[in-house]
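One structure is given here, and the rest of the page talks about it.
In what follows, chains are A, B, ... by sequence order, proteins preceding strands, each numbered from 1.
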Amino acid sequence: MSVLLRVQDLDVSYGAVPAVQGLALELPAGEIRAILGANGAGKTSTVKAILGLVRARGTIELEGQPIQGAPAHRIHALGVAWVPEGRQLFSTLTVHENLEMGAFARGHGDGFAARVDDIFAMFPRLRERHHQLAGSLSGGEQQMLAIARALVSEPRLLIMDEPSLGLAPKVVQRLFEQIQEINARGLSILMVEQNARQALRIAHYAYLLEVGRLAAEGPSAALMASENIQRAYLGG
Amino acid sequence: MDLFLQQVLNGVMIGSTYAVVALGFSLVFSVMRVVNMAHPEFFMAGAFGAYVMTRYVTTNVAGVLAGGMLVAAAVGLVVERLAIRPVRGRYVMIPFIATSGVGIALQHLAERVFGSDPVAIPAVVPAASYTFGPVSVTRMQLVTFAIAVVLMLGLRYYVRNTKWGRATRAVAERPEVAAAFGVDVDFVSRLTVGISALMAGAAGVSIGMLYTSAWAFMGLIYGLKSFVCMLVAGNRHVEGVMVVGLMLGVLEALVSGYLTSTLRDAVAFGVLVVVLVFKPNGLFGSYSV
Amino acid sequence: MSDLAAFLTPVLITAGINSIIALGLYITMSSGPLSVAHAALAGMGGYLGAVLTTNFGWPFSLAILAGMLLGFVTGLLLGLLIVRMNELVAGLTTLGFGETMAVIAFNIDYIGGANAFSGIPLRTTLPLVYAVLAVILFVAWRYDESRLGYAARATRDSPVTADAMGINITWVKSLTFGIGAAIAALGGVLRAHYILVQGPEDMGFFVSVGFLIFVIFGGSYVFWGPLFGAMTLTILPEVLRFSAKDRFIIYGVLLTIMVILRPQGLITRRSMR
Amino acid sequence: MKRFVMAALLLVAAPAAAQEKVVHFSSINGQTGQSAAYGSKVIEGVNLAAKTINDAGGFADRCGGKFKVKVTTGDMANSREQAVSLLRQAAADATVLAVVGPSPSTGYVPMVPVAGQLKIPVIATGSAAPIKEWNPWSFRLNTTSKVAAPGMMKTLKTKFDLKHVALIYDVTQDGQRGEAELIRNSAKEIGYDVVAFEAFRAGDNDFRPQLSKIKATKTDWIAIYGATPELAKVVNQMAELGIKANIVTGFGTFNDPVVWDLTEGKVKGGYSWSAYFALEDPARPEIAKMAQLYKKEYGHDPTLYSFYGWDALNVYVEAAKRACTATDREKFRQALNTIDNVSTLSGKATFKNPPDGENLSAAVIVNQTTGRGTFEALK
C-alpha cells in the first residue's frame with residue numbers, strides 16, 4: 001500500500017515558542033490514523049502545518065511530492081480537505097453556500113449537483129435546512145455540514161480536527177460510524193482527537209503527542225493495551 | 001411643508017455622495033479588516049481622471065466614467081500591493097497608518113500635478129433641472145444618486161450571487177478556512193481593493209461632475225464622513241453603509257434647514273454616537289475586528 | 001552658534017509638547033480604547049488655561065492645574081461612556097466628541113469663535129517643556145510598573161479574564177482615560193502659551209489621528225514608544241523643508257515605509273531590554 | 001540642516017558680490033495644503049518682484065547704498081504652529097530684516113502677538129481677519145472688511161435701493177465670517193434687513209439646504225463669503241436651484257479667473273469691493289506689464305493674491321530705501337510708518353502704526369465683474 005502522506009522531523013513554532021518538535025508520521029492510503037494528546041500537545045499545529053496554514057520546517061510529502069511551504073489553496077487543490085476544530089463554518093452563508101465553498105476549487109460544473117445529492121443522502125437533515133444560514137444549525141448539524149463541506153471537494157486526504165468536540169455521546173457514536181463509512185468508500189483520514197477511547201476504536205494506527213513531541217505510536221490495539229496510555233488518557 | 005420635502009430631497013442627494021464613497025471603504029473593511037485611509041484619495045483620483053478625460057480625451061459620459069474608474073482602480077491596485085498587502089493581517093491600526101501615509105502623499109502629489117486650486121470639470125451631462133411640485137432636483141443629482149444605487153445593487157449581487165463574491169464573504173469571516181478550501185486570499189484581497197477602487201472612481205467621477213470640480217484635498221471631508229458611516233453601519237452587511245449614508249445626509253440637511261448650519265456636524269456626529277451607545281456593534285451588526 | 005539654537009528652539013518645543021500629548025494618549029490607550037479625542041482634550045486645556053491667564057490674570061502654574069483638572073474630568077466621563085464598546089466603535093465615539101468640541105469652539109464668541117482666542121501671554125519656554133516632559137516620562141514609567149498599569153494592560157489584552165481576576169474594568173478604563181486626558185490637557189496649556197493663540201481647528205479628527213500615529217508608530221507597548229514616535233514625526237517634516245513643495249509627498253511615503261518595516265512600532269518591550 | 005546649506009551658498013557667493021549688500025526678507029505663506037491656493041500665488045508675486053528688482057541691478061537706498069533683494073520662503077502648510085515657528089526662526093536669523101506674512105488668517109492672526117514680542121516687522125498679504133490686539137510691528141497691506149464692507153453696502157443701498165439681503169458664509173474662515181458679521185451688524189445703520197444668515201464649513205460641497213432656505217425668503221440680494229472652491233459651488237448651485245438674485249462678495253473674489261472658470265462665467269454681474277486694479281486696466285500699464293511677466297514666469301495668470309505679494313515686496317523695498325539699513329528692524333519699522341500714499345498695483349499704501357497696522361489709504365471701490373478677471377468700477 002503506497003504511503004499517501006509522509007511527515008519527517010517537522011518543527012512548528014510561533015515566534016520563540018516551539019509548538020511541535022521533530023515530529024514524524026505517515027498515513028498509508030485507505031487508512032484512518034489518529035493523533036492523540038492533551039490540550040496544547042501540538043496536534044492542531046501539526047495539522048495546520050500539513051494544510052499550509054502555518055510556517056513550518058521539515059519535510060511534508062503528499063504521494064512523494066513535497067508540499068511544505070506551499071500556500072494552503074494550492075495544497076487543497078492536491079486533494080486535501082479539512083474539518084477544522086470547532087467546525088468553523090461560514091455562519092453568514094447558507095448551508096448550500098457552505099457546500100459551494102467546499103467545492104470552490106473544483107468549480108460547480110461537472111457533477112457538483114450529483115455530489116451534493118450524494119451528501120444530502122448521507123446527511124438527510126442538511127437537505128431539509130439547505131437554505132438556512134449555517135450559523136442557525138444545531139451542534140450536530142453543524143458537524144455534519146463541516147464534514148459535508150470537506151467531502152464535496154472529493155478529497156484524497158481528509159483531515160479532521162476534534163470532530164467529537166462538544167457533541168452529545170449519542171451523536172458522537174453516530175459520527176464515528178459515519179467516519180468509518182466514509183473511510184470504507186476509500187477516503188484516507190487523519191483524525192486529531194482528545195476522545196482517545198473512541199478514536200482508537202476506529203483508527204488503524206495512532207500517534208500520541210506530548211508537549212510537541214512524539215511520545216508513543218503504534219497500531220490502535222497495541223496502544224489500547226499499553227498501561228501508560230490507559231493511565232494518561234483513558235482514565236483507567 | 002414644501003421646504004421640508006426639498007430639504008429631505010437635498011439630504012438624500014448629499015447622503016448618496018457619502019454612501020457611494022463609503023461603499024468601497026466598508027467593503028475593504030469588512031472583508032480584509034483593513035481601514036484603508038487612502039480610499040478617499042482613490043475617489044479624488046477618479047475625479048481627476050474625469051477631469052483629464054473631459055479635457056483631453058472625450059466628453060462622452062460613459063467614456064469619462066470608465067476613464068475615472070480605471071485611473072482610480074490603477075491607483076488602488078498599486079496602493080494595495082505596496083501599502084496594504086505587507087501589513088494585511090496586522091493590528092488594525094497598522095494598515096490604518098500605512099494607508100494614511102499613502103493618502104498624504106497622494107494628496108500632495110495631486111497638488112503638485114494639478115495645482116492647489118480646484119480645476120473645473122465641464123458639464124458632461126447636459127445640465128437640466130426638474131421640478132415636481134414644490135421640489136426641484138437637477139439631472140446630475142439624479143445621475144449621482146442612480147450611480148450610487150447601481151453600485152450598491154451591483155455590489156450586493158456580486159457579494160451574494162457570484163462565486164468570487166461568495167469567496168469574498170467567506171474570507172471576510174474566516175480567512176484561514178477559506179484558504180484551506182482553495183481560495184487564494186491574496187487574490188481576493190487584490191480583487192476587493194480593486195473593486196472598492198473602481199467604485200471610488202465612479203464616485204469621484206459622479207461627484208466631480210455634480211460639483212463641477214476636482215481638488216487635491218476633496219477627499220478629506222469624504223474620508224471622515226464615510227469612515228463614520230462605515231463604523232455606524234457595522235461591517236456585516238455592506239448595504240448597511242448605504243442606509244447610514246442617506247440617514248447622515250438627511251440629518252445634515254434638516255439640521256441646516258431647521259436648526260443652524262453652524263452646528264450641523266456637531267448634531268450629525270452627536271446623533272451617530274447616540275446610535276452607537278445603544279447598538280455598540282453598529283446598526284447592522286459586525287464581525288469582531 | 002546662538003542663532004542656530006534659536007532656529008531649532010521652535011521645532012524642539014513643538015516636538016516636546018507633542019511628546020507630552022502623545023504620552024497622555026499612550027496612558028489612555030494602555031487600557032484599550034482607540035481615542036481620537038486627545039487633540040480636543042488638549043484644545044480644551046489650552047482654551048481654559050489661556051482664558052484664565054489672559055482674562056483673569058491667573059498665574060501660569062494654576063492655569064496648568066485647572067486645565068489638567070478639566071481634562072481629567074472630561075476624560076473620566078468619556079471613559080465611562082465607552083467602557084462597553086468595542087475598540088473601533090469606542091474610537092468613533094471619541095471622534096464624535098472631538099469633532100463636536102471643535103464645532104462648539106467655533107461658535108462660542110467669548111473664546112474668539114473662528115477668529116481663535118489670541119493675546120495669550122508667552123509662558124512656555126524650552127527648559128520648561130523638557131522639565132515637564134521629564135516629569136511625564138517619570139509618571140509614565142511609574143505607571144507602567146504600577147498596579148493600575150498592569151490592570152490596564154490586562155483589561156486591554158482580554159477584558160474577560162481581567163474581569164474574572166476581579167479587576168474593576170469600568171474604573172480602570174475611566175481612570176486611565178482621565179489621567180491620559182489630564183496629561184494631554186497639560187500639553188494643550190503649554191502649547192497655547194507658546195503659540196499664543198488657541199483655535200478650534202486644532203481639536204478635530206485629523207489632528208487627533210496625528211497623535212494616534214505618533215503613539216502607534218513609536219510603539220504603544222512601552223512609554224518610550226510615544227516619545228520616539230512624537231519626536232521623529234514632528235522633526236521629520238522640518239528636516240524635509242529643503243524639499244519645499246514635495247515635503248509632504250516624501251513625509252507620507254516615509255511614514256508608510258517606516259510603519260511597514262516596523263509594524264510593531266519603533267520601540268518594543270523586547271528591544272528595550 | 002537648511003541653515004548650513006544656506007550658509008555654504010553665501011560663502012561661495014560672497015567673494016563675487018563682496019561690495020554689493022543684500023537685503024534679506026523672509027516670505028512665510030501656505031505653499032502646500034488647503035490654503036496653498038492663496039499662499040502659493042503670494043509667494044510667486046513676492047519672488048517675481050524680487051527677481052525683477054535684481055534683474056534691474058538691485059536698488060539704491062537714499063544713503064547711496066546699493067542692495068540686491070534676497071527672499072527665503074517658508075511653507076506654513078495651513079498650520080498655525082508652523083506659521084509661528086517659521087516666524088520665530090526668521091526673527092532668530094539676524095540677516096532677516098522683515099517678514100512678508102501669510103494670506104491665510106490661520107497664519108497671520110497668531111503671528112501678530114509674536115511679531116510684537118520678537119520685534120520683527122510682519123505684513124499681511126490678504127488676511128482680512130479682525131485683529132484683537134495690534135502692536136507696532138504688525139502691518140497689513142490688503143484692505144480689510146472693516147473699511148470696505150459697510151462702504152460697499154452703502155453704495156449698493158444708494159444705487160440700487162437694496163432692501164434685504166441673505167448671507168451665506170464660511171464659519172471656519174475668520175476673514176469670511178468677520179465680514180459676514182460686519183454686514184449683518186451694519187444692517188440697521190445703513191437701512192436694509194438680513195433675511196438669512198446661513199453658515200457652512202470649508203471643504204463642504206453641497207449648499208442646497210442653506211440655499212433652499214434662502215430661496216424661500218425670495219430675496220433678490222445674496223452675499224456669499226467663502227474661499228474659491230466653496231464660493232464657486234454656491235454660485236453654481238444657486239443657478240441649479242433656479243435662484244435669481246444679485247450676488248455680492250468681499251475682496252474681489254468674483255474677479256479671480258479661477259472662480260470665473262469654475263462657475264463658467266455665472267459670476268458675471270456680481271458685485272464686490274476690491275483694491276483698485278484690473279487685469280487689463282488701460283489706465284495703468286504697469287499692471288499689464290506685471291501680468292505679462294507673471295504669465296511668462298509661472299505659466300498662469302496672476303490673481304489678486306499675486307498682486308498682494310508683488311506689492312508687499314515693493315513696499316518693503318521702498319521702506320528699505322528710506323531706512324538705509326539691511327539689518328536694523330527698528331529703523332525699518334519707522335521707515336514703514338513714513339509710507340504715505342505710495343501707489344501699488346493693488347491700490348495705495350499708507351501706514352501709521354500705532355495705533356494699528358491697517359493700510360489706511362487702501363482705495364476701496366465697488367465693482368461689477370464683467371469678464372474673466374475683468375471688472376469695472378461702479379460709477
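The parts of A253(B) that come within reach of chain D are both its backbone and its side chain, each placing non-hydrogen atoms under 4.5 angstrom from that chain. In this structure, chain D has no heavy atom under 4.5 Å from any part of V137(B). Heavy atoms closer than 4.5 Å to chain B are found in both the backbone and the side chain of T32(D). Proximity to chain D is limited to the side chain of T138(B), based on heavy atoms less than 4.5 angstrom apart.
The greatest number of non-hydrogen atom pairs below 4.5 Å with chain B, out of A239(D), G39(D), G33(D), G203(D), is found for G33(D).
The backbone N or O of P122(B) lies less than 3.5 Å from no partner atom in the side chain of E264(D), so there is not a single donor-acceptor pair.
Shown are L262(D), V259(D), D261(D); of these, the side-chain contact (heavy atoms from CB on, under 4.5 Å) with P118(B) is made only by L262(D).
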Side-chain donor-acceptor distances from residues 13-25 of chain B under 3.5 Å, at least two apart:
unit_1	atom_1	unit_2	atom_2	d
S16(B)	OG	M13(B)	O	2.6
T17(B)	OG1	I14(B)	O	2.4
Y18(B)	OH	K225(B)	NZ	3.2
Y18(B)	OH	E252(B)	OE1	2.8

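Closest heavy-atom contact between K233(D) and S213(B): CE-OG, 3.4 Å.
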What do the steps show when you test H300(D) against D117(B) for side chain to side chain contact (heavy atoms under 4.5 Å, CB included), and what is the final call?
CA-CA 12 Å; H300(D) 51 258; D117(B) 287 311; over 6 Å; no

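Under a cut-off of 6.0 angstrom, the local environment of CZ in F4(B) is sparse, with at most 12 non-hydrogen atoms contributed by other residues, nucleotides or ligands.
For the atom pair OG of S116(B) and NZ of K41(D), the computed distance is 5.0 Å after rounding to the nearest 0.5 Å. Rounded to the nearest 0.5 Å, atoms CD (Q141(B)) and CD (Q237(D)) are 8.0 Å apart.
Proximity to chain B at a heavy-atom threshold of 4.5 Å picks out N205(D), D206(D), R208(D), P209(D), Q210(D), S212(D), K213(D), K215(D) from residues 205-215 of chain D, in numerical order.
Taking 4.5 Å as the limit, some side-chain heavy atom of D204(D) sits within range of a side-chain heavy atom of R264(B).
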